[in-house]
Amino acid sequence: MSEAPVNESWEPKIVAFLCNWCSYAGADLAGVSRMQYPPSIRVVRVPCSGRINPLFIVSALQSGADGVLVSGCHPGDCHYLSGNLVARRKFALVKSLLAHVGIETARVQFSWVSASEGGRFASLIEQVTEDVRKLGPQRKLAKVL
Amino acid sequence: MDKALLQKKDLDALLAAIRMRAPVYAPARDGGDGGTVFRPVESAADVCLGQVNTRLSVKGLFFPQRESLMKFSGSALSEVTLPTDSLVVFGVRPCDARSLTWLDTVFGGGGHEDPYFQERRKSAVVIAMACDQPGASCFCTSVGGSPYGSDGADMLVSQAGADGALLFEAASEKGRAFLEEHAGLFAPANAQAREAREARASAAAKKMEALDLTGLKEKLDAALDSPLWDALTKTCLGCGVCTYLCPSCHCFDISDEKSGADGVRVRSWDSCQYARFTLHASGHNPRPLKKARMRQRVMHKFSYAQETAGTAFCSGCGRCVRACPVNLDIRGILTAFKDLP
Amino acid sequence: MGELASDIRRIAREMFDGKRIDLLVGFEKGSDGYRSRPVFIESAEGADRLTWDATCSQNLAVYLPSLFRREPQKKGVESAPPRVAFVAKACDMRSLIALVKEKQAMRENLIIIGVPCTGVIDARKLEKVVMDRAGGAEVTELVDGEETICVHTADGRNLSLTREPLVQDACLDCQFSVPQGADVLIEGPGRPVGDNSGSLLKEFAELSETERWQKFQGEISRCIRCYACRQACPMCYCTECFAETNNPAWIGVTTELTDTMIFHIVRIFHQAGRCVECDACVRACPMGIDLRPFTKKIAADVRELFGFTPGFDLETPPPLVTFREDDQQGFVTEPRKG
Amino acid sequence: MKNPYVPLQVTIEDVVIENELRDIKTFRLSFERDEDRASFTYLPGQFAELSLFGTGESPIGIASSPTEEGYLLFSVKRTGVVTSELHASAPGRRMGVRGPLGRPFPWERLEGKNILIVSGGFAFTTLRSAITYVLDPAHRKMFGKITAVYGAREPGELLYKKSIAEWEASVDIEFTPTIDRQKDGWTGKVGLVPNVVKELEPSAENTLALVCGPPIMIKFTIPVLRELGFRDEDIILSLENRMKCGIGKCGRCNVGPLYVCNDGPVFSLAQLAKLPQEY
């Protein structure tokens, strides 16, 4: 894999899978409230965090994402009652397995953000961006042709 | 010079001399379980010649499992990526070397030359290592080969000299040129070594039980719809081990990979044993069942190849026998058809 | 022929004679003296082919889904699903149960002939020992004793080898050597409960992130995408695998390293709540890739996080189709402020 | 050494929607380089790999005739990944063509013969090429009587409607379009292709039959042709199988020892009778 130079202008690219009902609305709220957060995320809206296939996560990394964030409704608040709770089990395993094979834990993060938590969303993005920035560009699973 | 002796201790010097010009590939350790594959070696110490055969055959050096055919940018071709480097392979078993002659037929014939294969083949020197200790799953003598055969190789090496000195025999013009080039390291072959070579060759061949496969093609052709196909392939798992390890299997896929607008068109090994291999976009599959897929594998090697190339495409290297997860032994399949009334 | 083998033959014959089954999946002698292989027996006469010894390593449950996968049936002329008997070690049996749980077969159409297991021989370990002791010779015959394995080599040598070092790793950790809940249980010695404290995983986990990645990458870089691991795995029964679909094409079809790594990561992830740690994938690999540090991780996590061990009762739902409100979520990112 | 994997660069000049279902479009492609145009010499019955970089390649029969100079026509049904991408392409897009590949209809044998063309549905494309070729004034005298039956489920699914009208009116060819079931506004023949052939009773004398269609049509047409006296050697079929290389190497399109790409796609029924039915 080629070594792209890491310079000061490098900004992490983070793919954020946000559930339609809570986290996407939370991101919307952060936006209309004019809250500042780093422009590092590329949002993919999904109907529910239960829609997340682990392949989405590794495909994002393979396509060159430096980090992946998945965010859904808080447990108990799922629009579909239990989508996020079933998903939580998957997420725990994915997170653990990726870390086990040696992918930095902060590359793939999971969180809960409700529709009313614009501030929480902004600080989540700030924090995840900072975590990923510290790690530098993601090269382990990025496909270089 | 056709035949020459190399003292075992001089193998290092020979490898070093070759490496001045081209990388040397030879069987070398791979993984924790004692298996070997062909990879670049630096000295004789890296070379493992003790095992029956390498995990993967030599074909991958000429027909890599993944290779770029061309690069593109947007909707236009940007570069044709023909290989340019030459190589020398040392320690190829005669079964593998013989299979190269069939790959030559496939990639060089049919009215379309395959420049990628041909470029590599043209520039390479193949040094075969005679086989003194065939394994229990080896059957080269049943399919017209020999543990001391040199088909497909430029040179055959055997441990026929006194004190294990290596006897090099040129098998092609390239081989003769090689011996001339490195003449300083070699001593002339003596009569003793020549005699020892013959004795060892016949001893090695005797270590294998030969199957009588005469008339097999006719039997297979007549048994296309035989229930044996189903009966013999029930336990097949449908993986690609037999075909990927086979030195003569050459099926491939072509696929495009891109990131952004740029990408490569790559060729990669594929297997007739995979259900999707022949699947049409419409959903129709001409070989939907594993009995049809196994029939294809066996027929291609032992019947179709006879018609198109005049020889069976099986060198009896035994890899498919050894590595099949369910021990589906092609010798058993062949014998079952051969024994049909 | 051992005692267990003759028991298996007798039981098989009785079942065919009593017209209780249409098919029996068991083991027969392999072609090379030190391996056995799966066999499908369809009549009482065929039962004589059955064998049982320490070389019966494959997990036969791999054949179950295909036996029950049938063409759509025409109304009014439905054919009855087959009645199948399986000769099963404890791990085979657990896979069978896990498959029934996932609706791949009807339990009532299955007869499980449980055979206690003292650990099966790892063909690769055997080859390596024989290579060290007898050069390149191949094994032509193997006789299993309790403490020793006697092998005969192609060049006419007889070797007496200590059994335990030849037993495959999966068996060394084995917690369940006697099939539980088999329809017919053949009497015989089992294997003492092994050490499953997870020393392999612990050792691996103690490595640095970089070392773990290097090990993972190093193993996977030798993968040739022959799919033997997947095909040999009883729980990899999807008719269409994510690794091969072209629409969407999740990953490339070649041995490009990230494609291969993703194939293995996701395949192993798909085994969550399914893997019975039988090592069928490891055994099948023609490249000798050691997947164990990774496959065992998913099994251990499922045990620890969800208290689930696959392959026993049919009632407990698989762990990934259910949840508990108090499932641990320590991995979830809590923003420090906001 | 010519590299058979490298496509020739072309541009999509025009796209025509052929049917009411809108899943078949005809693409007119023009070469970007004159030397490529000159090197692409073909005969009806051959095919080419349409090459979309980043998506892949798809083997498609050539629908234009060599007598139509300066461009190539390909009628493509939207089915898989490549054909879907192609359907989403507009004139002006650059792409590749690799070919011509395979063997054409047996033109040497066809010379001096009567020709019976039997086709159904979407498989008509290379026969459009054949008809255009034989009706060309320079060629027409080389052949005897030309009869064609072309069927589709309904009128909207018949390809090349404008050409069909011309052929129906032409004295050089006896062209009979047919549809499976009566539909309002259709004044032509109604009936399944095999039945229409039976009804027309074309003579087998000195005649070769070119048959392209869905498997079910072929299955029922062959007995009709045999009954009319056609020998298996004189019934010519065109097969399709999944392909990658198109040059007889990659190993997936073979039927017995023959590769559909290199030895076909055109085969006589006599050739196929000896082979496993893997198509």
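- Considering every non-hydrogen atom in both B/P286 and D/N241, the closest pair reads CG-OD1, 3.4 Å.
- No other option in B/V106, B/D253, B/T308 has as many heavy-atom pairs under 4.5 Å with chain D as B/D253.
- In summary, the side chains of B/Q296 and D/N254 do present a donor paired with an acceptor at a separation below 3.5 Å, with no hydrogens or angles considered.
- Comparing D/G80, D/G251, D/P215, D/P7 by heavy-atom pairs within less than 4.5 Å of chain B, the highest count is held by D/G251.
- Using a 4.0 Å cut-off between charged nitrogen and carboxylate oxygen, B/D114 and D/K249 do not count as a salt-bridge pair.
- Although no hydrogens or angles enter the test, the distance criterion places a donor-acceptor pair under 3.5 Å between the side chain of D/R242 and the main chain of B/R276.
- For B/L69, the part sitting under 4.5 Å from any heavy atom of chain D is the side chain, from C-beta outward, and nothing else.
- Between the side chain of D/R252 and the main chain of B/F252, a donor-acceptor pair closer than 3.5 Å is present.
- The line from OG of B/S282 to CD of D/E240 is 7.5 Å long, rounded to the nearest 0.5 Å.
- Interface summary for chain B: among D/M95, D/E32, D/K244, the most heavy-atom pairs under 4.5 angstrom belong to D/K244.
- No part of B/A305 comes within reach of chain D, as not one of its non-hydrogen atoms sits under 4.5 angstrom from that chain.
- Applying the ring-ring contact (aromatic ring centres under 6.0 Å, His included) test to residues at least two apart or on different chains, the pairs with a partner in residues 280-311 of chain B are B/H250-B/H300, B/H280-B/H284.
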TODO: Output, in order, the C-alpha distance, side-chain angles, deciding distance and verdict of side-chain contact (heavy atoms from CB on, under 4.5 Å) for D/F53 and B/S75.
DONE: CA-CA 6 Å; D/F53 282 120; B/S75 49; 5.5 Å; no
Check residues 272-279 of chain D and write down every donor-acceptor pair under 3.5 Å in which the side-chain atom is one partner and the other belongs to a residue at least two apart or another chain.
unit_1 : atom_1 : unit_2 : atom_2 : d
D/E278 : OE1    : B/R287 : NE     : 3.0
D/E278 : OE2    : B/R295 : NH2    : 2.9

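- Heavy-atom neighbours of D/R109 CZ from other residues, nucleotides or ligands within 6.0 Å: above the threshold of 12.
- For the atom pair SG (D/C250) and CG (B/D270), the distance works out to 8.0 Å, reported to the nearest 0.5 Å.
- The choice from D/G56, D/G256, D/S58 that makes the most heavy-atom pairs within less than 4.5 Å of chain B is D/G256.
- Contacts of B/T278 with chain D are made by both backbone and side-chain atoms, with heavy-atom separations under 4.5 Å.
- Comment: D/K2 does not engage B/E113 in a salt bridge, judged by the lack of any side-chain N to carboxylate O separation of less than 4.0 angstrom.
- Using a 4.5 Å cut-off between heavy atoms, B/I254 touches chain D through backbone and side chain atoms alike.
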Open item on the list: Using the rule given for side-chain contact (heavy atoms from CB on, under 4.5 Å), can you reason through D/Y5 versus B/R265, listing the C-alpha separation, both sets of side-chain angles and the distance that settles it, and then say yes or no?
Closed with: CA-CA 10 Å; D/Y5 298 98; B/R265 181 159 286 174; over 6 Å; no
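- Put simply, the side chain of D/E57 does not reach to within 4.5 Å of the side chain of B/D256, judged on heavy atoms.
- Residue D/E108 places its CD atom among 12 or fewer non-hydrogen atoms of other residues, nucleotides or ligands, all under 6.0 Å distant.
- For chain B, the nearby part of D/L52 is the backbone; its heavy atoms alone come within less than 4.5 Å.
- Annotation: B/K71, atom NZ; neighbour count of heavy atoms from other residues, nucleotides and ligands within 6.0 Å does not exceed 12.
- For B/M299, no part lies near chain D; criterion is any non-hydrogen pair under 4.5 Å.
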Task: D/N3 vs B/Y116, side-chain contact (heavy atoms from CB on, under 4.5 Å): CA-CA, chis, key distance, verdict - done: CA-CA 9 Å; D/N3 188 329; B/Y116 303 86; 3.0 Å; yes
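- The shortest heavy-atom contact between B/L77 and D/V6 is CD2-CG1, 3.7 Å.
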